[in-house]
Amino acid sequence: QVQLVESGGELVQAGGSLRLSCAASGRPFSDYTMGWFRQAPGKEREFVAAIRWSGDYTSCTNSVKGRFTISRDNAKNTVYLQMNGLKPEYTALYYCAAQWRGASYSAADKYAYWGQGTQVTVSS
């Protein structure tokens, strides 16, 4: 089992920045590809960004390229999502997820472990 706990979500004004964190425990963190997903009210959960278990590859959805950066610190068992230039349409519950040595970065059904989410609200 892998336990994931997200933090860092809050209310922020449009154009602002936030850094989300996801702390993992339970299994060797360095074996897991980590992803961030989000779900806005009334919408489907969508892929945001992912980082390969080895840390040498990242992927993100087109709508956040140039604004969001995913990174990981294996010594701290933590994955981060730096979000800059926030827009109201980014308001959602943000989840982190773990996939054992996976390469299906945007496929939510390939992630076996999920956190409870952290709320990001961007005001206009």
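Positions are given from 1, in the same order as the sequence printed here.
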Exercise for the section: Could you tell me whether F37 and W114 have their ring centroids closer than 6.0 angstrom? Expected result: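 Ring-ring flag for F37/W114: true, centres closer than 6.0 Å.
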
Would you compute the distance between atom [atom1] of [X] and atom [atom2] of [Y] and round it to the nearest 0.5 angstrom?
| X | Y | atom1 | atom2 | value |
| --- | --- | --- | --- | --- |
| R19 | T69 | CZ | OG1 | 11.5 Å |
| Q119 | L11 | CD | CG | 9.5 Å |
| Y111 | L4 | OH | CG | 11.5 Å |
| F68 | S17 | CZ | OG | 9.5 Å |
| K87 | S124 | NZ | OG | 13.5 Å |

Closer than 3.5 angstrom, by distance alone: can the side chain of [X] be matched with the main-chain N or O of [Y] as a donor-acceptor pair?
| X | Y | result |
| --- | --- | --- |
| E6 | Q116 | yes |
| E46 | R38 | no |
| Q99 | S104 | yes |
| T58 | I51 | no |
| T33 | W53 | yes |

Handout entry: Counterpart residues, salt bridge (charged side-chain N to carboxylate O under 4.0 Å, His left out), relative to R72 (two or more places apart)
Key =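 Partners of R72 under the salt bridge (charged side-chain N to carboxylate O under 4.0 Å, His left out) test: none.
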
Exercise for the section: Indicate, with yes or no, if L93 and L20 share a hydrophobic cluster defined by side-chain heavy-atom contacts under 4.5 Å among Ile, Leu, Val, Met, Phe, Trp and Tyr. Expected result: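 Cluster IDs for L20 and L93 differ.
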
Exercise for the section: Establish whether V122 and Y94 are linked, either directly or via other cluster members, by ILVMFWY side-chain heavy-atom contacts under 4.5 Å. Expected result: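 Yes: a chain of side-chain contacts under 4.5 Å links V122 to Y94.
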
Handout entry: Ring geometry between Y105 and Y57 (parallel below 30°, tilted from 30 to 60°, perpendicular above 60°)
Key =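 Ring orientation of Y57 relative to Y105: tilted.
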
Handout entry: Contact summary for A24 and V2, nearest pair of heavy atoms
Key =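 Heavy atoms only, the tightest pair is CB-CG1, 4.4 Å.
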
